[in-house]
Protein chains: 2
Amino acid sequence: MTEKQEKILTTALQLFADKGYDATSTSKVAKAAGVSEGLIFRHFGNKEGLLNAIKQYGMEKAALVMGPILEEEDPKKIIKAALEMPFCIPKNQDPFWKLLYALKWQEDIYDNSMSDPLRHKLEGAFAKLKYKNPEAEAELVLILIDGVATSILLRKCENSEQVMQSVLAKYEL
Amino acid sequence: MTEKQEKILTTALQLFADKGYDATSTSKVAKAAGVSEGLIFRHFGNKEGLLNAIKQYGMEKAALVMGPILEEEDPKKIIKAALEMPFCIPKNQDPFWKLLYALKWQEDIYDNSMSDPLRHKLEGAFAKLKYKNPEAEAELVLILIDGVATSILLRKCENSEQVMQSVLAKYEL
DNA sequence: ATTTCCAGAGTGATTAATCACTCATTATTA
DNA sequence: TAATAATGAGTGATTAATCACTCTGGAAAT
């Protein structure tokens, strides 16, 4: 990956996350990255190719957070680690997640491939703990993760820590 | 409100919710609504004016669902009604909420004005029930509402009902 | 050790299409 | 007839994408 290639990628991520994918033109990306517009198309084919490159770039780093949880065996630790995930996201990955959450709403089909491994892991954990409906409980944890992540990314609440305390209490963790 | 005015409004809402606000041109709205493009600007001034009209149009109907909860006095009923809100949204209001949730991510400052009345009502309810941290509990309910609404709007899960059962159980409702 | 060669990085002018928006004109209604 | 509703061609700006082109560093050939 060239220096300019990486500059394009990070600049586009910033703009896409901040202003929105559709609202950000390739010419603005080029100008902000200090690069000719043609270079974007040389390296990434088209605007969507640039977006896909950003997604892949971010997913590789996201896998590092998800990985250890999928290795864990203690059910309570699995649930706790999952619920604490939104707090483990480093600040410099915020734009990537903002972009991903924003895109959910305009993609035709929702992609479960990212959350499915965690869902299955959680279902197993709740089953071990003799919860009545492990599938629904797993789904609920995923909803909580999304909700907390959303409120953090949008800076909607300053007391996320206390909210998380309330959540953990409900699972006796 | 003229027949064509309403046609513009509902058509734009459909397209904005489905394809995104930025990705939907006024000419596409006009064509889909079977109306001249100029008419949009005559009635709504500009594209943002059209968006604002849609917001107001939807908020008036949303207030009908929110209203009764703010009147309620029994704390347990308040919490239960709040958590069940996502299920009370009629199907024909889905596009409006899809649009609203999508827009959250590209607006510069998040607008709390809609959720604040409910937040305060919930804080009061949790305080009455002697919860340790009413503010955090209220915030958590709002997060749950957003999360469940999201999963319903994106048709991410088919077992929302069971998820809600799990949620209500955690509040002993 | 020169010279030749070439692949790929990078440029910026340019394309056709589309964008939000305007306006003079016509149709409809009161 | 007066006012309003509606039209659709037209504006300049901007869009994503393409184009022919230059520059550069290293491999190959002499």
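Convention: sequence-line order gives letters A, B, ...; per-chain numbering from 1.
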query = With sugar-phosphate meaning primed atoms plus P, OP1 and OP2, does B/Glu37 contact a base, only sugar-phosphate, or nothing at under 4.0 Å between heavy atoms?
reply =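 Contact class for B/Glu37: base.
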task = Name the nucleic acid region contacted by B/Lys31, choosing base, sugar-phosphate or nothing; use a 4.0 angstrom heavy-atom cut-off, strictly under.
result =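 No contact at all - B/Lys31 keeps every heavy atom at 4.0 Å or more from the nucleic acid.
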Whole-Å distance between [N] [atom2] and [X] [atom1]?
{"X": "A/Lys47", "N": "C/dA17", "atom1": "NZ", "atom2": "P", "value": "19 Å"}
{"X": "A/Lys4", "N": "D/dT24", "atom1": "NZ", "atom2": "P", "value": "12 Å"}
{"X": "A/Arg42", "N": "D/dT22", "atom1": "CZ", "atom2": "P", "value": "14 Å"}
{"X": "B/Phe44", "N": "C/dT22", "atom1": "CZ", "atom2": "P", "value": "15 Å"}

request  = Say whether, by atom type as modelled, one donor and one acceptor occur between the side chain of A/Ser25 and the main chain of A/Lys28 under 3.5 angstrom.
outcome  =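 Yes.
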inquiry  = I'd like to know if the side chain of B/Asn159 reaches the main chain of B/Gln162, judged simply by a donor and an acceptor atom lying under 3.5 Å from each other, with no hydrogens or angles considered.
reply    =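 Flag not set: sc B/Asn159 to bb B/Gln162 has no pair under 3.5 Å.
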ask   = OG/B/Ser27 to NZ/B/Lys31 distance, rounded to the nearest 0.5 angstrom?
value =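 These two atoms lie 6.0 Å from each other.
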inquiry  = Taking 4.0 Å as the cut-off, does a side-chain nitrogen or oxygen of B/Lys28 come that near to OP1 or OP2 on C/dC19?
reply    =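 The answer is yes; a side-chain N or O of B/Lys28 sits under 4.0 Å from OP1 or OP2.
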query = OP1 or OP2 of C/dA20 sitting under 4.0 Å from any side-chain N/O of B/Thr26?
reply =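 Yes.
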request  = Please check if any side-chain donor atom of B/Tyr21 sits under 3.5 Å from a side-chain acceptor atom of A/Asp22, or the reverse.
outcome  =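 Looking only at side-chain atoms, A/Asp22 and B/Tyr21 do not form any donor-acceptor pair under 3.5 Å.
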For a quick test of your reading: what N or O donor-acceptor pairs under 3.5 Å do the side chains of residues 62-84 of chain B make, sequence neighbours left out?
from    : atom 1 : to       : atom 2 : distance (Å)
B/Glu72 : OE2    : B/Asp74  : N      : 3.1
B/Asp74 : OD1    : B/Lys76  : N      : 3.2
B/Lys76 : NZ     : B/Glu172 : O      : 3.2

query = What does the inter-axis angle of the helix from C/dA1-D/dT30 to C/dA30-D/dT1 come out as, five pairs per end, nearest 10 degrees?
reply =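 End-to-end axis angle: 10°.
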message = From C-beta outward on B/Val35, which listed nucleotide comes closest to its side chain: C/dA20, C/dG10, D/dT7?
response =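 So the side chain of B/Val35 is nearest to D/dT7.
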request  = Could you work out which one of C/dG10, D/dG8, C/dA20 sits closest to the side chain of B/Ser36?
outcome  =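 Nearest nucleotide to the side chain: D/dG8.
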query = Can you check salt bridge (charged side-chain N to carboxylate O under 4.0 Å, His left out) on A/Asp116 and A/Arg119, steps first, answer last?
reply = CA-CA 5 Å; A/Asp116 262 344; A/Arg119 175 183 288 107; 2.5 Å; yes
